[in-house]
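Data first, discussion second: the structure below is written as structure tokens.
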Amino acid sequence: MGNLRIHPLLREIAHIFTGAGKEVYLVGGAVRDLLLGRNSADWDLATNAKPEEVITLFKRVIPTGIRHGTVTIRHRGVSLEVTTFRTESEYSDGRRPDTIRYAPTIEEDLSRRDFTMNAAAVKLPEGFMVDPFDGRGDIRRRLIRCVGRAEERFAEDGLRPLRAVRFAAQLGFDLERKTLEAIPGALETTARVAPERIREELDKIMASPMPQRGFVAMEETGLLRLLLPELEACRGVEQRGFHRYDVLDHSLLACAYAAKQGFPQEVRMAALFHDLGKPLVRRLDQDRGVWTFYNHEQESARLTGGILRRFRYPNTVQETVLRLIREHMFHYEEAWSDAAVRRFIIRTGEDLIPRLLQLRLADSAGTSGIEPDPAALLPFRRRIEASLTKTGALSLKDLAVNGRDLMGAGVVPGRSLGIILAELLEAVIEDPELNKREKLLEIAQNINKRYQ
Ligand code: ATP
Ligand code: MG
């Protein structure tokens, strides 16, 4: 294999290093992508220059991870992470290495990396490969293989097993046998990894083109039981009826569809977790001979809340995912009155509706195993849009009267004022024609008599 074609910007940066007598290599995901014939979004560099030296070579350098020997350089609007060659030897808590020691050569630096496909480097600016562990061969064979002995590498850092299944989901690769077989023995180390690092990997699995591949690999290796026991409990929970799959496969298919459609993160997460409560509420209806799952959406939301807190998801993500899960059981029919449509909008919240409809598509995909026709939701969408463009009030602030108006009309301030406003809103949801000042005041005075 001849030299690889190197981006002019990378060559320009490389000349700054070589001009100072230093070596620099492209490493990590960018090399993997190059070998896969893909374009890479971000470039990681490795060098024998120390961070203090890198800082002197470039105008704009941010000390992003100086404790790990990493700085970020900004050059012509592009950010690159530059890490000094290092070896990592001591890990005491399954988390980050305790001590950083710099390494003299790129080969030594590559030997501390996790998988062979991540342990190849491209010398810059020339563009020749340094590939001591045959990462190129494993990429050709589509295999994820640890550098060195898998047991040892997983014992050093318990995140690596999860990274392995994450790459399987992202790339559609298989785990090489010894790498796969070493995961169950590493679970105790994985259990001690910081929740934020785990979250990052789970997010990447859910954003990958094949999330089900990642979660099935997690199930096979015990990672699912360790990290998401609530999801593992859905295995073997049969549903029948319209459903072709057990609750776990249903959830994985729903999440896979959401990922494939490019739906937002919250929808993908809700698709994965929306039925977690089913194993807890499943009852056999003796008369009809079917399984029922009453109120599973509440239980699902409760369990999902626990998961999202455990992995320290931001509050905004938690709120949206839980709202989606709680509302996922709506059953629209043409016979719904306009008032019923308005009530649906109010309960759900207008902002959530597009994502809730996406979740419904994912849910259907996971029920039948057949891609749903988005047009099936069109009649409901039209009813919602029509309702939103009409003048009908949807919240107290849209009413043609406010509390002050009511007091002006003789309502005594206090608890009854709030009750009357709520009743007016109910009336307007039922019949938007009533949303006129005079009409509402008249109704309010009638209600008020009940409180005299
Ligand atoms: P992506 O950026 O798509 O997540 P990546 O391979 O670039 O993939 P990073 O987390 O950015 O992954 O890490 C860059 C490189 O650092 C990896 O390719 C790998 O060589 C090394 N690396 C990252 N995390 C670990 C780890 N936990 N153990 C060993 N090496 C690691
Ligand atoms: Mg990267």
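Counting convention: from 1, in listed order, for ligands and their atoms alike. When reading the values below, keep in mind they use all heavy atoms of this one structure, side chains included, and skip hydrogens, waters and symmetry mates. This chain uses plain numbering: 1 for the first residue, then up along the sequence.
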Exercise. Going by distance alone, is a donor N or O of one side chain under 3.5 Å from an acceptor N or O of the other, for Gln170 and Lys204?
Worked result: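 There is no such pair between these side chains.
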Under 4.0 Å to a heavy atom of [X] - the qualifying atoms of ligand 1, by number:
| X | result |
| --- | --- |
| Phe167 | 6 (O) |
| Lys204 | 4 (O) |
| Gly28 | 18 (O) |
| Arg112 | 29 (C) |

Between [X] and [Y], what is the shortest heavy-atom contact and its length?
| X | Y | value |
| --- | --- | --- |
| Leu303 | Leu276 | CD1-O, 3.6 Å |
| Val27 | Val31 | CA-CG2, 3.6 Å |
| Val71 | Val54 | CG2-CG1, 3.7 Å |
| Arg326 | Glu297 | O-CG, 3.6 Å |

May I ask you to identify, for [X], whether its side chain, its backbone, both or neither come under 4.0 Å of ligand 1 on a heavy-atom basis?
| X | answer |
| --- | --- |
| Arg166 | side chain |
| Asp157 | side chain |
| Trp43 | neither |
| Val27 | neither |

Problem set entry | Close aromatic pair by centroid cut-off 6.0 Å: Phe344 and Tyr332 |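 Ring centres of Tyr332 and Phe344 not closer than 6.0 Å.
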When you compare ligand 1 with [X], is there at least one nitrogen or oxygen pair between them that comes in under 3.5 angstrom?
| X | answer |
| --- | --- |
| Gly29 | yes |
| Gln170 | no |
| Asp114 | yes |

For this session: Name the orientation class of the two ring planes belonging to Phe115 and Phe154 (parallel below 30°, tilted from 30 to 60°, perpendicular beyond 60°).
Result: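 If you compare the ring of Phe115 with that of Phe154, the planes turn out perpendicular.
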Exercise. Relative to each other, are the rings of Phe263 and Tyr257 parallel, tilted or perpendicular (30° and 60° limits)?
Worked result: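 Perpendicular: the ring planes of Phe263 and Tyr257 meet at over 60°.
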Exercise. Who's closest to atom 22 (N) of ligand 1 heavy-atom-wise, of Arg163, Arg32, Arg160, Glu156?
Worked result: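 Checking each option, the heavy atom nearest atom 22 (N) of ligand 1 is found in Arg163.
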Exercise. Does some non-hydrogen atom of Leu159 fall short of 4.0 Å from ligand 1?
Worked result: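 The answer is no, since Leu159 has no heavy atom less than 4.0 Å from ligand 1.
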Exercise. Which residue, Arg141, Arg145, Arg140, forms the salt bridge (charged side-chain N to carboxylate O under 4.0 Å, His left out) with Asp134?
Worked result: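 Checked Arg141, Arg145, Arg140 against Asp134; only one passes salt bridge (charged side-chain N to carboxylate O under 4.0 Å, His left out): Arg141.
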